[in-house]
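Remarks on the structure that follows.
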Amino acid sequence: MSIMRNEAALRLLDERFGMRAKVGVVLGSGLGGFADEMEVLGSIGYDEVPGLPRSTVSGHAGRLLLGKVGDTAVVVMQGRVHYYEGYSMKDVTAGVRLLADWGVEELIVTNAAGGVSEGMSVGDLMLISDHINLFPENPLRGGNDESEGPRFPDMSMAYDKCLRERAKEVARCEGFELREGVYLGWSGPSFETPAEYRMARVIGADAVGMSTVPEVIVARHRGMRVLGLSTITNCAFGSGGEAQVNSHEDVQRAAAEAAGRLASVIKGVVEKNEG
Ligand code: HPA
């Protein structure tokens, strides 16, 4: 069985927001600050939307916002749910499926991630050029509705080149560095052991995290253009190669510190839409 359109949720969004948006943004842990950059026109708690699961993690607000950046309407998922919370892949991607059904064509996904490649520093922003999916399950497992997307979607260009170029240009204009690299997603919630971080590096990851990949797979299946941005909130190894102790508090603190720069990249990318 494929997953049905969530008609009740679509009606609610239309009623409460009164207009649709073609650009969607998913804000990860401690990265909710982008909402301050836009003129907020409406807000709906996830708990009000039929079929949308609620995030159980601190740092994830759990609401849909409709706003304007310049003349562009943007719908924001402030907070996401994760596979490690016990949700199914269907739940984890319910928000993105809803946005796709609602007409969103361009999706900007953000996350907090651990840096594993040489030269990564806490506070860096990384443009995701590609990903490695090590979640135990693919969100497209099960029946496929050909009207939504192909059974075997291509993933050779998961992260849109044009949007990446736009993001780089924004960062150049704003005067800060934007790294680019491969994001490896797996389930968590335990942070990686030093051996796992090393493995991630060996198999080609620049950063690792516990989200994003399922959402991007669904977004690509639905034909959305995707831009992915990671905030490097911690690094696998210290300058002498020693293992680092990780905590959610440190991740949130580092995310909050970088949130302003992240928000300006997103805003700049959306504004360039209008040109
Ligand atoms: N590992 C996994 N997920 C993360 C990390 C990490 O080091 N940092 C932020 N999210």
Side-chain angles (χ1 to χ4, degrees), residues 26-34 55-62 77-87 89 92-93 108-137 139 159 178-217 228-263 265:
V26 181
L27 296 174
S29 293
L31 302 172
F34 168 69
S55 175
T56 61
V57 190
S58 71
H60 285 260
M77 291 185 64
Q78 203 177 25
R80 57 153 61 88
V81 298
H82 304 80
Y83 191 70
Y84 65 72
E85 293 176 72
Y87 289 115
M89 277 296 177
V92 167
T93 57
I108 302 174
V109 283
T110 66
N111 59 52
V116 295
S117 61
E118 206 89 46
M120 283 287 180
S121 305
V122 172
D124 283 349
L125 294 185
M126 187 188 90
L127 210 44
I128 304 178
S129 57
D130 202 351
H131 75 219
I132 299 173
N133 179 19
L134 288 184
F135 280 89
E137 189 189 330
Y159 297 86
L178 202 51
R179 296 181 167 276
E180 192 163 14
V182 174
Y183 175 88
L184 183 156
W186 45 25
S187 148
S190 48
F191 283 107
E192 293 71 24
T193 63
E196 287 165 344
Y197 278 129
R198 270 197 302 278
M199 178 187 80
R201 184 190 283 192
V202 164
I203 66 175
D206 296 291
V208 299
M210 307 173 191
S211 68
T212 304
V213 167
E215 291 145 308
V216 171
I217 291 172
L229 289 160
S230 292
T231 299
I232 305 301
T233 54
N234 55 292
C235 288
F237 302 103
S239 52
E242 70 283 13
Q244 304 288 292
V245 175
N246 291 317
S247 75
H248 183 55
E249 291 67 34
D250 288 347
V251 164
Q252 281 192 290
R253 195 172 315 115
E257 277 168 24
R261 269 177 300 135
L262 181 76
V265 174

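Read the numbers this way: they start at 1 and go in the same order the structure lists the ligands and their atoms. All values below come from the heavy atoms of this structure, side chains included, with hydrogens, waters and symmetry mates left out. Residue numbers start at 1 and run along the sequence shown.
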Would you say that more than 12 heavy atoms from the other residues, nucleotides or ligands in this model lie under 6.0 Å from the CD of Glu242, or not? yes
Using 0.5 Å steps for rounding, measure from the [atom1] atom of [X] to the [atom2] atom of [Y].
X	Y	atom1	atom2	result
Ile203	Arg198	CD1	CZ	14.0 Å
Tyr83	Glu137	OH	CD	4.5 Å
Ile108	Phe34	CD1	CZ	6.5 Å

Under 3.5 Å between some N or O of ligand 1 and some N or O of [X]?
X	result
Tyr197	yes
Val251	no
Ala112	yes
Glu192	yes

Contact summary for [X] and [Y], nearest pair of heavy atoms:
X	Y	answer
Asp124	Arg179	OD2-NE, 2.7 Å
Thr231	Ala258	CG2-CB, 3.5 Å
Met89	Pro139	CB-CA, 3.9 Å

Under 4.0 Å to a heavy atom of Gly114 - the qualifying atoms of ligand 1, by number: 5 (C), 6 (C), 7 (O), 8 (N), 9 (C)
Note: ligand 1 atoms sitting under 4.0 Å from heavy atoms of Thr233 are 8 (N), 9 (C)
Counting heavy atoms only, which part of Ala113 comes closer than 4.0 Å to ligand 1: side chain, backbone, both or neither? backbone
What part of Val208, side chain from CB on, backbone N/CA/C/O, both or neither, has a heavy atom under 4.0 Å from ligand 1? both
Can you tell me if Gly209 contacts ligand 1 (heavy atom of the residue under 4.0 Å from the ligand)? yes
Atom 8 (N) of ligand 1 sits nearest the protein heavy atom Asn234 OD1, 2.6 Å
